[in-house]
Structure formats: structure tokens, C-alpha cells
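These notes are about the structure you will find just below.
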Protein chains: 4
Amino acid sequence: MLLQIQFESEIPIYQQIKNQIIRGIATGALQQGEDLPSVRQLASDIGINFHTVIKVYNQLKQEGWVIIHRKSGVMINPDLNLTKTPEYMELLDDLMKTTTAEAFMRGLTKEEFINIIEKNYDNYKTQGGK
Amino acid sequence: MLLQIQFESEIPIYQQIKNQIIRGIATGALQQGEDLPSVRQLASDIGINFHTVIKVYNQLKQEGWVIIHRKSGVMINPDLNLTKTPEYMELLDDLMKTTTAEAFMRGLTKEEFINIIEKNYDNYKTQGGK
Amino acid sequence: MLLQIQFESEIPIYQQIKNQIIRGIATGALQQGEDLPSVRQLASDIGINFHTVIKVYNQLKQEGWVIIHRKSGVMINPDLNLTKTPEYMELLDDLMKTTTAEAFMRGLTKEEFINIIEKNYDNYKTQGGK
Amino acid sequence: MLLQIQFESEIPIYQQIKNQIIRGIATGALQQGEDLPSVRQLASDIGINFHTVIKVYNQLKQEGWVIIHRKSGVMINPDLNLTKTPEYMELLDDLMKTTTAEAFMRGLTKEEFINIIEKNYDNYKTQGGK
DNA sequence: GTGGTCTAGACCACT
DNA sequence: GTGGTCTAGACCACG
């Protein structure tokens, strides 16, 4: 999977990488059990410092997305088993309150917004996310 | 409208205020043409630095949500007319890609996600967003 | 609270700091709601780099021990509410299997070992850990 | 005795092996004078590099747990005679300070903790640790 | 002044 | 070669 980083963005680089890896898992571009590049490899591919990649991998590990093998490096957790915890649902709810409010005020109809959701979900369903 | 700020949150205070004002406009809790509290008033109400409030109001003005009168203070723009610019749509698209990906992996079905959208939109429809 | 760091130890510095803060909370040397020194302050007190302290504070935050205020810095979580999760109990069990095995082979009797536990717990009970 | 290695664990593999051998000695699963598998045998059984096993055996030898015969391989020291040296006691004390502090804060009572100790020790007593 | 991000380079433990 | 630790310095966002 090729990562596209926007260096000018206000979103931190490590966050962009995290997002794209999670998207990759959802779409199936990254399969469970698949190896990720080594910290130094990925860093040099993207052209960033390897500490930034370490940070990404550590956060993904702590949230359960990946497993860090002492030897063989990092791989997508083969037993991926994330759940809709109350904390997550609260965050999501808050985010969607803010997001839909602005979308509504900018003239996006409910149908248009739902359409965006469906378009995204269709990328996942076909692949199967577990 | 009463603002609820979480000081421990990772979301910057100025962002929280902005979000809540926009939500307030969408739900109708804040009417177009309505006056907002003065910078110092709001700052002391919430218990924050008034520079933070200035920042919020300036950003809201720049994005077209409010109008700042030199004397009479800040009011919700009576001719609110925000549109779905290409830049906005791109940001929204990117955000929803990331958000739906994680939601999907955490087991939220498309229907559950759409349900969240509808619940929010129903709060807006009745008021009319102009 | 004064932190004692052993620079020659094989235990990473950030781990030593973490341990001592947690001990401090248990003994009451650090009260819930109490402010911790700023990252740069603590770093210069101990004579280490501030990035190391950031790492400590972030881990403590993620585990729920402290809260990081955007402005006022870091404080012991006033609503400290950690529980004996299954994951924790498994880790503890494994650790104690290893620890007691070696202790037993080195001639520590059950009573001596229990005595160590009691001595430590007595430092906590009197203070009350909430 | 069958060794169970967790490759995803944060605990180094060599440490896991060491721990399990020491536990085995304490429980009697490994008898004093008993032969341990050869370096290459154990390495291929577990599926790890044989250097890792060499490291384990060397450390165990240095600490007095095993004896390495040039030809006949490695065996549990028949005259096992480890003592509670001051250095060991200091390490143990420090470890238990940290461990009990977190356990206490997570709601484990003194009795629950002592119970864990007793359960473990009961596995040793019956066998006798010489 | 607070925490956080990114870069860069050295060194270490593990396999 | 793998991840991880520590140092050091620059810069940024926030309040």
C-alpha cells in the first residue's frame, strides 16, 4: 500500500499515516496478518524521521490494530477485534454532531451526507473486514 | 445558549467553543441575527483567557458565521450563506473516509452509522437552516 | 515528591519515573488532583531530556493515572478509577509466578514473602487510596 | 516440560524461556540433575534462533541454576544452592514496591494479593525445593 | 509558559 | 536488521 502524505497539512504526519493504515485495513488493502514495512524502511520511503513512524506503530499497537513482533517487525493484528466501546461511541457521536451541523448549514442534504457514508461503506462490505 | 467546555479534552478549547456555536446555529438554539456575548463576558463565563474567545470570534467571522460590529459586538450573520465549496467537500470526504473506516472495523453497521446521521439531521430540519 | 533515578540501571529512565509516580499515588505522597511539575521543569530537575518526561506523562495519561490540561499542565487524575481488568490480572499473575518461583528457590519462605507484601500494603492502607 | 512462548509479548523471548525454566525447577517439573534439551533441539522445538537459547543457558549457568558440561549438554544444577543475597533482596523489594502500589490502586486488597502468593507457594511446598 | 511535533544522530537489546 | 531509548534543538499551537 502506498501512503500519501501531505506535508503542508495541519494534520500531523503521524496522524495521517495512522489514518491511512486504518483505512487500508478497512478496505482490505492491508490484510490481517500482513507485515508492515519496518520503521526505518517506511520512514525513508516517505522521507520522514523514523521516530515519527515508531510513534505511529506504538499507537496502533496500543489501540490493538497491529502487533509488534520482537524480531519480525510489525504486522496487522491477525485477530483484530475492536469493539464499539462506550468511549468510542461518545467520541464518534460528538464528532458527528459537529460535522453534520456544519454540513447542514453548508447546504448538504441528509441524503447527500448519507450518500457519502454509503459510498465509503460499500468499499468495505465487498472486502469483508474480518 | 450555555457552553459546555471540557478542559481535560484533547480538543482545543477554542475549537470546542466554535463547534458548539456552529451546532447552536444548526439546531436553531442560536438564531440568525442574534447577539453573542461580548469577548470578556464569554471568557469570564467559561473561565478562560479572553484571547481564546477573540480567536474563536475571528475565525467564525472569517468563515462567515458571524459579523463583528465595532461597537455593538458580535452577532450571528443574519445573511448566513455558506456553501459546499470544493475545499470543504474535500475535507469532509477525507474526514469521513477515516471516520467510517474505524467505525466499520469496530463493528458499526452502515445502518447504525446512517442512523447517527439521521438523528442529527432531524434536529436541524425542523428549524430550517435557511 | 523527590524522584530518585538510577542512571546506571537497566530499567529505562522513563519507566523508573512512571513507577515512582505510581508509588507516590499509592502512598499518598502524591494526592489526587495534585499538579505534577511541567515536562521541562521535571526534566531539568532530574537532569534528563524533556522528551523522556513527555513519554512518561503520555503513558500515565493513557493508563488513566493523570490528566493533561491544555493550559495548566499535568495533574494526578482526581477521579482515579483503575480496576483489576482481566488483562492486568493476567500480567500480574504471570509476574508473580516468575517472582515467587525464584524467591522460593532462593530460600524465601512464604511467610517472608507475605511479610514484604504486608509491609508495602501498610503504607497504603493508612493513607487510603480512595 | 513444554515451553510456551508468546512471540508478540513485550517480554524478550530469552527472558520468557528463563522464567519458565526457573518456574519449572520451583514446581518440580524440572528435577535437579535433570538434563535440558540441547541448544539446537530446544531452538528448533520453539522455532527460534539457537543463539537465543545459548544466551539463556549461559545466563542460567552464571546464576547457578544449571551446569553446562562440554559434552553431555546442560542439566539442572544437582547442588542447587541459591541464596537471598542483598542484591537480590533489593531488586525484589523494589519490584514489589512498584507491583503492590499498582495492585492496591487497582483495588486488589492485601488479602487478594497474599492469596496469589500462597497459591503459588503451595505449588512449590509439596515438591520441596531442597 | 504549557504540551506536542518533527528532525537527527548515537547507542542498545534482541534475534 | 529489528524495535526501542535517550539526547538535543527547532518550531508550533494553545491559553
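All figures in this text were calculated on a predicted structure; none of them were measured in a lab.
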Nucleotide [N], atom [atom2] - distance to [atom1] of [X] in whole Å:
| X | N | atom1 | atom2 | value |
| --- | --- | --- | --- | --- |
| D/Tyr57 | E/dT15 | OH | P | 15 Å |
| C/Ile67 | E/dG3 | CD1 | P | 15 Å |
| B/Asn49 | F/dG15 | CG | P | 9 Å |
| D/Gln59 | E/dA13 | CD | C1' | 11 Å |
| C/Gln15 | F/dG4 | CD | P | 14 Å |
| C/Ile54 | F/dC12 | CD1 | C1' | 12 Å |
| B/Lys18 | F/dC14 | NZ | P | 10 Å |
| A/Glu10 | E/dG4 | CD | P | 18 Å |

Q.
Consider side-chain contact (heavy atoms from CB on, under 4.5 Å). Of C/Ile46, C/Ile48, C/Leu36, which one does C/Val53 pass it with?
A. C/Ile48
Q | Passing option when B/Leu3 is tested against B/Ile13, B/Asn19, B/Asp45, B/Leu42 for side-chain contact (heavy atoms from CB on, under 4.5 Å) | A | B/Leu42
(Q) Should the side chain of A/Arg40 and the base of F/dG3 be counted as holding a donor-acceptor pair, with the cut-off at 3.5 Å? (A)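 Result: at least one qualifying N/O pair found.
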Q) Checking only heavy atoms, does the side chain of C/His51 share a donor-acceptor pair with the base of F/dG9 at less than 3.5 Å? A)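 Such a pair is found, so the answer is yes.
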Q: List the atom of D/Thr27, the atom of D/Gly24, and the distance in Å for their closest heavy-atom pair.
A: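 Nearest heavy atoms, D/Thr27 then D/Gly24: OG1-O, 3.2 Å.
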(Q) Quick check on DNA chain E: between A/Gly47 and C/Val74, whose nearest nucleotide comes earlier from the 5' end? (A) C/Val74
So, is [X] near the phosphate of [N], with a side-chain N or O under 4.0 Å from OP1 or OP2?
| X | N | result |
| --- | --- | --- |
| C/Tyr14 | F/dC6 | no |
| B/Lys55 | F/dG15 | no |
| C/Asn58 | E/dG3 | no |
| A/Thr52 | E/dT7 | yes |
| C/Ser38 | E/dT2 | yes |

(Q) Under the criterion side chain to side chain contact (heavy atoms under 4.5 Å, CB included), I'd like the reasoning laid out for C/Met105 against D/Arg23: C-alpha separation, chi angles, the key distance, then a yes or no. (A) CA-CA 9 Å; C/Met105 292 308 296; D/Arg23 283 190 209 169; over 6 Å; no
Just to be sure I understand the rule, does [X] reach a base, reach only the sugar-phosphate, or reach nothing, if contact means heavy atoms closer than 4.0 Å?
| X | result |
| --- | --- |
| A/Ile68 | sugar-phosphate |
| D/Ile48 | nothing |
| A/Phe50 | base |

Q.
Quiz question: by atom type and distance under 3.5 Å, do the side chains of B/Gln62 and B/Asn58 form a donor-acceptor pair?
A.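 There is no such pair (donor and acceptor under 3.5 Å, judged by atom type) between the side chains of B/Gln62 and B/Asn58.
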Checking the side chain of [X] only, and the main-chain atoms of [Y] only, is there a donor and an acceptor separated by less than 3.5 Å?
| X | Y | value |
| --- | --- | --- |
| A/Tyr57 | A/Ser38 | no |
| A/Glu34 | A/Gln31 | yes |
| A/Glu102 | B/Ile22 | no |

Q. What would the secondary structure line of DNA chain E be in dot-bracket form, counting Watson-Crick and G-U wobble pairs under 3.5 Å, with [ ] for pairs that cross earlier ones and | for pairs with another strand?
A. ||||||||||||||.
Q | Closest-nucleotide 5' rank along DNA chain F - winner of A/His69 and C/Pro12 | A | A/His69
